[in-house]
There are 2 protein chains.
Amino acid sequence: MLRISKLTDYGIVIATHLASCGGPHPVSDLSAETEIPAPTVAKVLKALARAEVVTSQRGARGGYQLAHRPEDISVVRVIEALEGPIAVTECVDDESVCSHEARCNVRANWQRINDAVYAALDGIKLSDMAEPGGARLVQLVRSAGEANRARIGV
Amino acid sequence: MLRISKLTDYGIVIATHLASCGGPHPVSDLSAETEIPAPTVAKVLKALARAEVVTSQRGARGGYQLAHRPEDISVVRVIEALEGPIAVTECVDDESVCSHEARCNVRANWQRINDAVYAALDGIKLSDMAEPGGARLVQLVRSAGEANRARIGV
DNA sequence: ATAAAGAGGACCAATCTAGTCTCGATTGCT
DNA sequence: AGCAATCGAGACTAGATTGGTCCTCTTTAT
Ligand code: SF4
Ligand code: SF4
């Protein structure tokens with residue numbers, strides 16, 4: 001598990017699609033192109049628009065397009081737009097409080113892990129997701145592996 | 001979001017606690033020491049025992065203890081024991097299938113991201129969680145940040 | 001004016017989660 | 001042998017979350 005919600009997943013798929021084709025796309029087109037039901041596409045895009053990940057144009061010949069360049073939008077932006085701040089544990093989230101916070105001694109470490117996950121996802125931009133090869137992503141995975149090996153080597 | 005479940009969190013807390021004190025601990029003790037309700041502690045430990053993260057000893061003066069050395073158990077072991085394989089998206093999971101898999105063009109990239117997350121979490125051992133300072137964890141976070149910066153620099 | 005689009009939000013069914021409880025099987029101790 | 005401590009398996013519930021649909025209203029190009 002440790003899964004992003006399905007709607008968030010759709011958000012990435014749609015945003016990535018928008019990254020590859022320019023101009024404003026109405027929901028109907030995006031639904032056809034991504035094979036995701038139109039009402040769902042609409043729901044996702046409304047959330048993305050509120051978070052200013054995409055911009056909308058109403059009326060005839062309107063639709064959605066990215067609010068910034070694909071290389072300036074990270075997957076974190078999309079995830080946070082759809083399911084709130086990244087927080088692997090409850091104590092890391094500002095909104096909620098865990099009743100054990102006061103005397104939990106793994107809390108500080110979770111904060112660090114959360115930062116690491118955030119940084120990793122923030123390093124991945126929509127432009128990276130748009131290339132099927134994912135050349136840049138390979139770098140990232142390798143870095144994570146190195147961190148792992150470095151740790152073991154200590 | 002992108003949160004581990006609360007039971008999993010407890011699993012880490014309990015396992016980390018076991019990492020710092022040796023001998024077999026009965027549920028009642030662990031409950032008192034971690035301030036987690038006993039039935040819940042029991043539920044978590046049963047799952048961990050099934051996954052062979054901890055071993056159990058029944059009868060009087062029995063209890064639970066780690067099945068391996070703390071430095072040989074990563075947080076991934078605990079997470080997977082409690083909520084199944086790490087799978088940020090549906091398509092990465094072997095069990096379930098996403099209906100878009102055939103023509104989804106971000107799928108391959110999610111697989112890479114998933115690998116990165118897995119590697120990062122696998123690099124963190126219970127022994128790391130047990131030190132409040134988390135000296136080794138700093139390394140990891142730094143690595144992730146570097147990967148990010150490297151990516152931007154490209 | 002009209003038709004094409006998005007905005008906002010209500011709504012529902014299905015699933016998942018957290019947590020409790022009961023009963024039965026082991027096992028050390030005396 | 002008997003007893004009390006302790007784990008094992010799993011049923012069960014209430015509440016939260018998720019995925020998905022639908023309706024009404026506003027905006028805007030032509
Ligand atoms: S304070 Fe401890 S128990 Fe509470 S959410 Fe954080 S890590 Fe988990
Ligand atoms: S195949 Fe595409 S839409 Fe389906 S789970 Fe994977 S990334 Fe998401």
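Just so you know, these numbers use all the heavy atoms, side chains as well, and skip hydrogens, waters and symmetry mates. Below, chain A is the first sequence line, B the second, and so on; all start at residue 1.
Residue A:Tyr10 places at least one side-chain N or O closer than 4.0 Å to OP1 or OP2 of D:dG20. Between B:Ser5 and C:dA18 there is a side-chain polar atom (N or O) within less than 4.0 angstrom of OP1 or OP2. At the phosphate of D:dT21, OP1 or OP2 sits under 4.0 Å from a side-chain N or O atom of A:Thr40.
For the atom pair CD of B:Gln111 and SG of B:Cys91, the computed distance is 7.5 Å after rounding to the nearest 0.5 Å. Between the NE2 atom of B:His100 and the OH atom of A:Tyr10 there is a distance of 4.5 Å, given to the nearest 0.5 Å. Interatomic distance, OH of B:Tyr118 versus OG of B:Ser74, reported as 6.0 Å (0.5 Å rounding).
Between the CG atom of B:Leu48 and the P atom of D:dC7 there is a distance of 13 Å, given to the nearest Å. One atom, CD1 of A:Ile79, and another, P of D:dT18, lie 14 Å apart when rounded to the nearest Å. In this structure, B:Glu83 atom CD and C:dC16 atom P are separated by 13 Å, rounded to whole Å. Between B:Lys46 atom NZ and C:dG24 atom P there is a gap of 15 Å when expressed in whole angstrom units. Atom CG in B:Leu7 sits roughly 17 Å away from atom P in D:dG10 (whole-Å rounding). In this structure, the CZ atom of A:Arg50 is 8 Å from the C1' atom of C:dA7, given to the nearest Å. Atom CG in A:Leu18 sits roughly 11 Å away from atom P in C:dG6 (whole-Å rounding). Nucleotide D:dG19 holds its P atom 13 Å from the NE2 atom of B:His100, rounded to whole Å.
Counting non-hydrogen atoms of other residues, nucleotides and ligands closer than 6.0 Å to CD of B:Glu52 gives a total of 12 or fewer.
Among the protein residues, A:Lys6 comes within range of the sugar-phosphate backbone only, with heavy atoms under 4.0 Å from sugar or phosphate atoms but none that close to a base.
With contacts defined as side-chain heavy-atom distances shorter than 4.5 Å, the pair B:Leu48/B:Ile14 does not qualify.
The residue among A:Met1 and A:Arg61 whose nearest nucleotide of DNA chain C is located toward the 5' end is A:Arg61. If A:Thr8 and A:Ala60 are placed on DNA chain D by their nearest nucleotide, the residue sitting closer to the 5' end is A:Thr8. In terms of position along DNA chain D, the nucleotide closest to B:Gln57 lies nearer the 5' end than the nucleotide closest to the other residue of the pair B:Gln57 and B:Lys43.
Of the candidate nucleotides D:dA29, C:dG6, D:dC7, D:dC7 has the atom nearest to the side chain of B:Ser56.
For A:Arg58 against C:dA4, a side-chain-to-base donor-acceptor contact under 3.5 Å is absent.
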